[in-house]
Structure formats: structure tokens, C-alpha cells
2 protein chains.
Amino acid sequence: MNKSASQSDDGALARPTTKDLARVAGVSRATVDRVLNGREGVKKRTVDKVHAAIEQLGFVRNIAAANLAKSRTYRFLFILPQSGDQFHGEILRHINEAQTAFTADMVTTSVRLVDQNDPFEIAALLASLSPETVDGVAIMAPETPQVRDAIHRLQERGVHALPFISNQTLNGDKWVGIDNHAAGATAGTLMGRFLPNRAGKLAIIADSILSRDSLERRSGFDHVVNSEFPHLTALPSLETYGSQVRANHIISETYRHQKDIVGVYILSSEARGPLSAIWNVALPQNIVIIAHERTPCTENALVDGTLDAVITQDPGHLVRSAVRKLRAMTDGRSTLRSQEKIRIEIILKTNL
Amino acid sequence: MNKSASQSDDGALARPTTKDLARVAGVSRATVDRVLNGREGVKKRTVDKVHAAIEQLGFVRNIAAANLAKSRTYRFLFILPQSGDQFHGEILRHINEAQTAFTADMVTTSVRLVDQNDPFEIAALLASLSPETVDGVAIMAPETPQVRDAIHRLQERGVHALPFISNQTLNGDKWVGIDNHAAGATAGTLMGRFLPNRAGKLAIIADSILSRDSLERRSGFDHVVNSEFPHLTALPSLETYGSQVRANHIISETYRHQKDIVGVYILSSEARGPLSAIWNVALPQNIVIIAHERTPCTENALVDGTLDAVITQDPGHLVRSAVRKLRAMTDGRSTLRSQEKIRIEIILKTNL
DNA sequence: ATTATTTTGATGCACGTGTCTCAAAATATG
DNA sequence: CATATTTTGAGACACGTGCATCAAAATAAT
């Protein structure tokens, strides 16, 4: 029987190396290298022998040593909107916070802020990137033809691209973010459960209903409310377009015309505008209000009772997951499904 | 001005190495090594010079290369209860599932199942461990004097110990798990919010109220119910002691004597017994039932509407966090607070 | 059977750090 | 001053893998 791997002092099985592979497969280390790195000019019979040895020994490549040998560093870029949105601020904070941890893993991250409403600027930025300066890009931007094409060409040039959080068509698990339909449905369920016996109307407030996120959340919300809580009626979405004045206006107007509002659902990732509008209008205490994303603003609103629940995704997890995925993409590996699944979290006053 | 780090082809700053440190500090690589690894016999003035260079260059040790040189492998052991509990099954599953990912990081994990009720067995196991065979242990076991002492001696022998999920006194951030008081409070909040206008009694079911977890959850639950939902009254805890017969008995008895039960809170991490008892007794449809831990059983109960909400902690995150912490402890590093914070998650039918 | 081509082996260096050894230099002690 | 001691430097090798070169062996083509 073959001695399958060297034995260490304490009797534990040492981890098999390429040397062990070569010995067990009966080939040279050079050939093992050719097989492991998929180089040309190796007979199929030899390839099989090596693979059999890998199987037999349970060989796992020492990525650290490999990266050291290649002196590989991962250079990743986050492209984020430059709006002052607090949620994006949290994302930025986590990118910086994790910088030290990333450095230890040979990952360097940088951030570029772009105007969300200028697809040409985004496309131009993407066009300026090449595999010589960056290995992967996490992109948070609305899906427009320009951007979609730019992403496509970027990938063809050999730079990995990863839709980040929102607004892009998803392919397989090559994206990071939550299922917005389910997030909306969760909001709907909470709304219904918090209002078990009170028939009435639900106001729904969004920045703009044109974004993919908003549409999906709205659809999930409606689905649950219509099918499970027929005593509640979701009103058409109100759009604030990011304007505080407009937010104040539409909320007071709506409340004036619809006296039987029992709940408010704030769709957008920035709840500050709608919340202060609600504060100004002084809605009755017993209206249930649900918003998205954990920010200093929504935390405060939870604590003082203005907000009843917040549906959120963990920004730190989003950032780390993006980095892990980009790294896996550059290595041609796959990631752990369960680790990368971004949870839809529910936050109440008591689990802040 | 000093040339601070070598320049790579593409113009990007190469990451500084110990060589760069030596050059900038004006000492030899041997001395840099003495400082970095805290060896004796270096003059304070020299130590300061090196630290200044570290600061100036922003030097971060290449852990991968260091571990390679030391041929370091991390050998961790999980000590878990051998009860057939589904939640523990999930933990086990995640340990195995993440095995491949760990291997790539030079981490090998093993698992030992022990009888939770036999502190002497656990203490004996701990006593048998030495730094020669294991670097760190994640321990999930009730806190008894025997176990506490054994853990203490284990640490003195140089094996890192990490309380895992439950039942040990906590020191600083050297533990993994959720805040059970907050988890109980969350359950209480949901219960109250789901029952806004229905006065009545709440049945509370536990395996045993003697465990630290149960006590803390109960206390959090009571606090919220008493202070915020005075129309609800939490009954004394019912203990099942893991017996299905007893579960059936106490639940039917309680329901017979207390006709105005409007909610049930299942404290323990195993909800199967109480749930099937509830199923047998056929409680009225509109009773709100909340349990802990996401398992196949609680998932099914959510889908079919028996359960209204599940409070849970992500077992995969728990496992990975334990490994990261043990690794940081062995390296003498600190971990990222925000990443290791285990979230109290709320699961409804819609965010399964 | 000879030559051309493909496949394999042997060997050496590199990556960044840890860990030795031995000598040289600096400083302290008498 | 000479000597003992502390502090530092120079150098070599190791870890596991990638990558390159050149020769040797195996196989295919003529």
C-alpha cells in the first residue's frame, strides 16, 4: 500500500502537498503542475492518474502558498452612487472598516462615487477600467442600456463584474443583495399582522417607482396584503423624487383626503424625507409605519416609536460578501451558498 | 526622502515587505523579525525605529506567507451535545459544509459529542486536550463548576477556549452567540404586536428553565410583555424535560384550565415536542405561537401556519464566527466586531 | 529504421516570512 | 585599559506552489 502522506511528529496526518500527489500518481511535480493548472500537452491517461491521486489523498491546493508564489493581489473597485443617502454611507463605512481585514487577505478595495442619473458617466468609467489595474468591480447602478453594454464589454476584457445590491438583471448567483420581492412581502406580512382587526388604507411612499427595487418591493407587498389581509387596501405609490418639500406635500395631502389610513410603508432605502414629513404632519399615534434599511435615522425612529419595524439587509455582510464573491470569481472558484445568502432582517425596538 | 516601497510595473504601489521595513528603519531583516515577533534583546531605541517604519509604510504582515513559513495549521474542536436536537443538527451540518472552505485556510475542525448532563465526562474530555493536538475548542455545554474549572485549566495549558452559543459566563467578546435577553424581548414584542387588542394569557414552554438561556429569554420576554402589553399575562413556564408525553400532558392540562390563552411562546431550541403537542391538542387557530431556531420542523410549521414567527440565529454564521474567533485568538489578533455580532433574526412565512 | 513530434522529468528560482547559526559591532563592567 | 555582555547583522534554509528551461523519454510519422 502506498504511503499516502507524510506523518508529522504528533501523529496527525500532514496535509498532502503537490509532492505527495506526484509520488502517489507516479509522475513528476512538473506534470502535477501541468494538470493542476490546466496546461496543454498532457496525455489523458496521465491527467486521470493525477486526478485519481487528488481524490485518493483528498488534496486541496494551498491557496495561500499559490498566491504567494504568484504574488497575487486582488484589486477590487466599488462603484457607488454619490447621493448623500445614509444607507450608502453605511456601506462606505463598512468598506473602510473591513479594509484592514481585507489587506491581510491580499485584497485592496477602492471606491468610486458616480452620479446615478448619468449612465454615460458610469459607462465611461467602466470603459476606462482594464485588467491591468483592477481585477473585479462591484457595481451599484440603475440598469440602463449604456451601463449594461459597458458591463458586458468590461467582462469581455477580463474584468469581473458583480451587480451590487440592486437594479441589475441577475444571472445565477453572480450578484449580491436581497430578494426585493420577498422583502416587500415581509413588510406586507408585518403590516398585516400588526393590524389584525383594523380595516383601512395603507399609504406607500417611494423615492421613485421607476427603479427595479421599488417595483419588486411593491409587488411583494401587494401580493401579501391582497391575498392575506383583505381588510387592508394599499393605495397607489406616492413619489417624493428625493424632495423634502414634495414629501411634506404629498403626505399631508394624502392624509387629508384619506382619513382612514392605518399604515404607511416607506419603500425607498432613504427614509429620512418621508419620516420627517410624517413628523411634520403629525399622523395619529396608532398608525403602523414600516421602512427599509437600518440607518441612524431609522434607528432613532424605532426607539422613539415613530417606526414600528425596519426591514433591512446587513451592509457589512453585503460588503464582505461582495469581496468574497469577487475573489472567488477571480480564482475561478465557487462560494458557499449559505454564507453568501443575504438575509432579509427584521428590526424592532427590542432587537436593535 | 526615503524610497518607501518598491514600485511594480503598472505603477501601483507594491505592498511593503519586511525587507522594506528593514531598509527604511535602517536595521537588518533579522532585527525586524526580532521586533515583529517580540523577541528579547532588542534596544528600545531600535524597537521604536522599526515601529516608526511600520507606521510610515503602513506595513501589514502577510499572514499567508507567515503561516506558510511556520507551516501553521489551525486545529479546532467543537464540543457539542449529543442530543438529537434539530438545531444542533444544523450546526453540525454547517461545520461539515464549511469544511472545504476551512481547509483552504489551513483550518481543520473536528467534533466531539458529549452528554450535556454529565459534567464529569465533559471535564474529562477537556482535561485530555493539550496544545500538541488542538489549538482551540468551541464549547457548548451547561455551566457547571466542573466544566468551568476544566476550561480554566485548559486555557492555562495554552489551548484557547470559546464558549459557543450558550450557557457559559461571558467575558468580553470571547464568546459566540446571541443576547438571549434581547431574543426573549423580541419574541415578546412580536407577541404583543400580533395581539394588539386581545387580552388573555400567554403559555410559555421550555425544556427546562434551569438553563441560563431559558432564564434569560424568559426574563427578556416578561420585561417587554409586562411593560408594553399589560393586556397580556405571561403564565409560569411549563417544563417538558424533553419528554413528548409530558409535553402533551402539560399543554392539554394548561389549556383545559386556562381557557383564555391567546399566545404560546416556546422557549427552548427544540420546538418539535411542544409543536406536536399543540398539534395533538388542536389549539384554536387564532392563537399566536412563537418559537426559537430555524429547523426543518419550525420551517414546516411556519409554512402551514401553525407557527407565526420564529426567532433564530444563523447556524452557519455561528460556526464561521467561532472559527474566525478561534483563529484570531491563536494569532493573538482581534476580530471585526460588526462581523462577529450574531444577529437575532425574525423569520415569518414570507422571508423563509 | 530513421526522424519529427509529443509528452514527461529534473532542476532551479521566486514569492514573504520564520527561524536558525555565527560573527561582528556596540555597549557595559571591571 | 581589557574584558564580558548585550545588541545587531549577514547569511542560509524552510514552507507549498507557480513558472521557466532544457534534456530525456515515449510515441507518431515518414
Side-chain angles (χ1 to χ4, degrees), chain A residues 5-6 8-9 13-50 53-54 57-74 103-106 330-333, chain B residues 5-6 8-9 13-50 53-54 57-74 103-106 330-333:
Chain A
S6 42
S8 61
D9 299 348
L13 273 180
R15 186 177 165 153
T17 70
T18 48
K19 257 185 202 161
D20 297 314
L21 267 190
R23 188 166 37 70
V24 171
V27 300
S28 72
R29 219 178 67 73
T31 299
V32 167
D33 170 69
R34 290 177 181 116
V35 174
L36 282 182
N37 297 295
R39 301 181 215 289
E40 302 275 290
V42 185
K43 272 204 300 190
K44 181 162 183 319
R45 239 182 62 82
T46 316
V47 175
D48 292 343
K49 278 199 289 183
V50 175
I54 292 177
L57 297 183
F59 172 84
V60 177
R61 189 197 306 243
N62 184 332
I63 303 177
N67 284 348
L68 177 60
K70 286 189 287 197
S71 33
R72 186 183 222 332
T73 57
Y74 303 88
T103 305
D105 289 334
M106 309 302 290
T330 1
D331 288 346
R333 287 182 296 112
Chain B
S6 41
S8 62
D9 299 350
L13 272 182
R15 186 177 164 153
T17 70
T18 49
K19 258 184 202 159
D20 298 314
L21 267 191
R23 188 168 35 71
V24 171
V27 299
S28 72
R29 220 178 66 73
T31 299
V32 167
D33 170 70
R34 289 178 181 116
V35 174
L36 282 182
N37 297 294
R39 300 182 216 289
E40 302 276 290
V42 185
K43 272 203 301 189
K44 179 156 186 324
R45 238 183 62 83
T46 317
V47 174
D48 291 343
K49 277 198 291 184
V50 175
I54 292 177
L57 297 182
F59 171 85
V60 177
R61 190 198 304 244
N62 184 332
I63 304 178
N67 284 348
L68 178 59
K70 286 190 286 199
S71 29
R72 186 183 223 331
T73 56
Y74 303 88
T103 305
D105 288 334
M106 310 301 290
T330 351
D331 289 346
R333 286 182 295 111

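Proteins come first, then strands; the chains are lettered A, B, ... in the order of their sequence lines, and each starts at number 1.
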**Q.** Straight-line distance of B:Arg61 CZ to B:Asp331 CG, nearest 0.5 Å
**A.** 9.0 Å
Q. Just by protein heavy atoms under 4.0 Å, how would nucleotides 6-19 of chain D read 5' to 3' in B, S and -?
A. -SBBB-B--BBBBB
Kindly write out the residues that satisfy side-chain contact (heavy atoms from CB on, under 4.5 Å) with [X], not counting sequence neighbours, or none if the list is empty.
| X | value |
| --- | --- |
| A:Asp48 | A:Lys44 |
| A:Arg29 | A:Thr18, A:Lys19 |
| B:Ala30 | B:Ser28, B:Arg34 |

Q: Quick one: list whatever passes side chain to side chain donor-acceptor pair (under 3.5 Å) with B:Thr103, sequence neighbours left out.
A: none
Q) Mind checking whether B:Thr46 and B:Val35 have side chains closer than 4.5 Å, heavy atoms only? A) no
Q: State, to the nearest 10°, the angle formed by the axis through the first five base pairs of the helix from C:dA1-D:dT30 to C:dG30-D:dC1 and the axis through its last five.
A: 30°
(Q) Strictly distance-based, threshold 3.5 Å: is any side-chain N or O of B:Asn37 a donor or acceptor partner for the main-chain N or O of B:Arg39? (A) no
